[in-house]
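Taking it in order: structure first as structure tokens, then the write-up.
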There are 2 protein chains.
Amino acid sequence: MTEIQSLARGLKILDLLAAAEDTVGITEIAEYLGMDKSSISRVMQTLAVYGYAEQEASTRRYRLGPQVVVLGQTLLNRLPLRDQARPFLQQLVDRTGECAHLGVLTQNQVLYVDQVESLATLRVNTRIGTLAPLHCTALGKALISFARLDLPEELNPFTTRTIVNPDVLRVHLEQTRLQGYAIDDEEYNYDVRCIAAPVYNHDNNVVGAIGISGPAGRMNLEHIPEMAAIVCEVARALSNRVAFRRS
Amino acid sequence: MTEIQSLARGLKILDLLAAAEDTVGITEIAEYLGMDKSSISRVMQTLAVYGYAEQEASTRRYRLGPQVVVLGQTLLNRLPLRDQARPFLQQLVDRTGECAHLGVLTQNQVLYVDQVESLATLRVNTRIGTLAPLHCTALGKALISFARLDLPEELNPFTTRTIVNPDVLRVHLEQTRLQGYAIDDEEYNYDVRCIAAPVYNHDNNVVGAIGISGPAGRMNLEHIPEMAAIVCEVARALSNRVAFRRS
DNA sequence: GGGATTTGTTGCTCAATATACAACTGCGTT
DNA sequence: AACGCAGTTGTATATTGAGCAACAAATCCC
């Protein structure tokens, strides 16, 4: 694996620009990458020429450029699942009162590609474009368990409830498969529970997962079965739609 | 201006991946850039490592990776104007029945950063993430005329109505400024007319523009004044909101 | 089914080029 | 007004990325 260093530098800088709160100066970037600021200056000029970065005229500092939006939306618009899922996400919100999300598998992570917010004052907001781990989110667990994928190598803990033992996780996923839906019981964020179910295409491949997230108070353990039933029902309806099956 | 070539190549490839309908093979890319496929192979590996491209397992061809969504959404979420504008765009749709858009200026182009669709059967759909020229779109003309920016160097024609003469455009923009709103009268797309007005912050700087787009039939010349009045009113209300002014 | 063709990956060499240093410019500060 | 700080530009050198060629793998096509 030969990695092209100057390209990799540029991409790392884009990541850095995204992680930064606001604009970033060339000196900071140079420090961060352990390089000379003159080199970074030229990298930034290149990124700017192609619209991936933008220099603020007044401060000469840099931020992400419009081209990243163009690319991001291009990819999102290319997911037909996304348009199809929208009304079903809305239905989930209407029927459960919690925020609904659509996730797909990429690079051993879940990518949240759509979201419908609930009207509740206290609500969970996972923005579109978020990447999250597979082993401790409901969407992620739905994806790996129903698509029968391998476990991720690293099972990092995020809360004390995160399942970090591969054997325990395997059993848990088997159980998930049997019950037809996945649950995240404060395994990624404290006070947040999620329920998710898979979406299939006409070849019976898992193409994504939809689910709801809410505060642990409302999503308490006795409500979960009925909410899960709704999630499963809507996910099944969406699968039928995706697979061109009628009803 | 010293451009870093290997980075530039990577960025060009991202643009290419976005322009492509579906996946792209390495040979095609190499041909397109006039390079050896081995070199491109390594570029693609680098892009893939950082999540900017993704290789389809079955065909070994490449597409955009999830990271571009992450970056794109990061930038969109960083625009506070976007969240603030949403209900005002909705109001435009409710009151005019046409699609409403929010645009900001970047790199001498308008970037469409939000959209609310109308319910009409025949409607104009300009997706988020679209970049469009300044001189022949209502949003673009609103941005340059009210922000008193220089004209773009190139005034490319898109329809027979596109204004390509700088002097004519200057007069037109002056008129736009006087009447308080900008019009695109089939200057970018045939059968589409748009109306837009600027949004100001508390320093009285133009931070964006909002407007509506519809088929020329409904947006006919006698309806435009009343629709323009609504656009101006809503844009003013949004400006007040943005500037923390009350009412 | 199997040879042929197309497509993507890897090893290796050499020339192109990206890097660091240093000098320069422009801003803001004290 | 002088200083200090941040970003840009010129230039020499060593790194590194490009191309060639061989390899691997998948697809085509008879």
Side-chain angles (χ1 to χ4, degrees), chain A residues 1-65 106-108 203 205, chain B residues 1-65 106-108 203 205:
Chain A
M1 164 76 59
T2 321
E3 194 171 281
I4 289 175
Q5 297 188 20
S6 10
L7 175 56
R9 296 230 160 84
L11 301 179
K12 276 184 206 154
I13 291 174
L14 289 180
D15 292 349
L16 180 69
L17 291 178
E21 288 299 313
D22 196 42
T23 59
V24 185
I26 247 174
T27 313
E28 295 166 58
I29 303 174
E31 229 162 81
Y32 172 74
L33 291 177
M35 295 180 61
D36 193 88
K37 61 193 175 121
S38 69
S39 312
I40 301 298
S41 175
R42 284 184 248 256
V43 173
M44 297 315 292
Q45 285 174 37
T46 307
L47 289 173
V49 165
Y50 291 89
Y52 288 82
E54 197 168 59
Q55 191 172 36
E56 197 168 62
S58 55
T59 62
R60 314 207 113 191
R61 292 162 66 84
Y62 289 88
R63 66 162 65 93
L64 288 175
T106 25
Q107 314 250 330
N108 271 321
D203 296 327
N205 290 319
Chain B
M1 164 75 60
T2 319
E3 193 170 284
I4 288 174
Q5 297 188 17
S6 12
L7 175 56
R9 274 190 240 287
L11 301 179
K12 277 183 203 156
I13 291 174
L14 290 180
D15 292 348
L16 180 69
L17 291 178
E21 288 299 313
D22 197 41
T23 59
V24 185
I26 246 176
T27 314
E28 295 167 58
I29 303 175
E31 228 162 82
Y32 172 76
L33 291 177
M35 294 180 61
D36 195 89
K37 59 194 177 125
S38 69
S39 311
I40 302 298
S41 176
R42 283 185 249 254
V43 173
M44 297 315 293
Q45 285 175 38
T46 308
L47 288 173
V49 165
Y50 292 90
Y52 288 81
E54 198 169 58
Q55 192 173 36
E56 198 168 60
S58 55
T59 63
R60 312 203 118 191
R61 294 161 67 84
Y62 288 89
R63 67 161 65 93
L64 288 175
T106 25
Q107 313 250 327
N108 271 321
D203 296 327
N205 290 319

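All values below come from the heavy atoms of this structure, side chains included, with hydrogens, waters and symmetry mates left out. To find a chain, count down the sequence lines: A is the first, B the second, and so on, and within it residues start at 1.
- Inter-axis angle, ends of the helix from C:dG1-D:dC30 to C:dT30-D:dA1, five pairs per end, rounded to 10 degrees: 50°.
- Smallest separation of non-hydrogen atoms from B:Ile26 and B:Ser41: CD1-CA, 3.1 Å.
- Within the structure, every side-chain polar atom (N or O) of A:Gln5 is placed at least 4.0 Å from both OP1 and OP2 of C:dT17.
- Across all their heavy atoms, A:Leu7 and B:Gly10 have their closest contact at CD1-CA, 3.9 Å.
- Nearest nucleotide to the side chain of A:Arg61, out of D:dG7, C:dA20, D:dC20: D:dG7.
- Residue-to-nucleotide contacts include a donor-acceptor pair under 3.5 Å from the side chain of B:Arg42 to the base of C:dG11.
- Proximity of A:Gln55 to the phosphate of D:dG7: no side-chain N or O atom is located under 4.0 Å from OP1 or OP2.
- The phosphate of C:dG8 (OP1 or OP2) has a side-chain N or O of B:Thr27 nearer than 4.0 angstrom.
- Distance B:Glu3 CD to C:dA18 C1': 13 Å, rounded to the nearest Å.
- Using a 4.0 Å heavy-atom criterion, one finds that A:Glu28 contacts no nucleic acid atom at all.
- Atom CD of A:Glu31 is separated from atom C1' of C:dA20 by 16 Å (rounded to the nearest Å).
- Rounded to a whole Å, the CG atom of B:Leu33 is 15 Å from the C1' atom of D:dG17.
- The two residues B:Met44 and B:Ala53 have their closest heavy-atom pair at CE-CB, 4.1 Å.
- Nucleotide C:dC21 holds its C1' atom 15 Å from the CD1 atom of A:Ile40, rounded to whole Å.
- Put simply, B:Tyr62 has no side-chain N or O that comes within less than 4.0 Å of OP1 or OP2 on C:dT7.
- Residue B:Gln45 places at least one side-chain N or O closer than 4.0 Å to OP1 or OP2 of C:dT10.
- Applying salt bridge (charged side-chain N to carboxylate O under 4.0 Å, His left out) to B:Arg61 and the options B:Glu56, B:Glu28, B:Glu54 leaves one that passes, B:Glu28.
- Atom OG in B:Ser6 sits 13.0 Å away from atom CZ in B:Arg42 (nearest 0.5 Å).
- Nearer to the 5' terminus of DNA chain D, by closest-nucleotide assignment, is the contact made by A:Thr59 (compared with the other of A:Thr59 and A:Ser6).
- Atom CD of B:Glu54 is separated from atom P of C:dG8 by 16 Å (rounded to the nearest Å).
- The two atoms that bring A:Leu14 and B:Tyr52 nearest to each other are CB-OH, 3.3 Å, heavy atoms only.
- Residue-level contact check: B:Met44 touches neither bases nor backbone, having no heavy atom under 4.0 Å from any strand.
- Look at CG on A:Asp36: it is 13 Å from P on D:dT8, rounded to the nearest Å.
- Taking atom CE of residue A:Met35 and atom P of nucleotide D:dT8, one finds them 15 Å apart after rounding to whole Å.
- For the pair A:Lys12 NZ and C:dA18 P, the interatomic distance rounds to 16 Å; values are reported in whole Å.
- Side-chain polar atoms of B:Glu3 and A:Tyr50 form a donor-acceptor pair below 3.5 angstrom.
- OP1 and OP2 of C:dA18 both lie 4.0 Å or more from every side-chain N or O belonging to A:Ser39.
- Annotation: of the two residues near DNA chain C, B:Gly25 and A:Lys37, the 5′-most nearest-nucleotide partner is B:Gly25.
- With a 4.5 Å cut-off on side-chain heavy atoms, A:Ile13 and A:Ile40 count as touching.
- Each of A:Ile26 and A:Arg9 was assigned the nucleotide of DNA chain D with the nearest heavy atom; the assignment lying further toward the 5' end belongs to A:Ile26.
- Residue-to-nucleotide contacts include a donor-acceptor pair under 3.5 Å from the side chain of A:Ser38 to the base of C:dC21.
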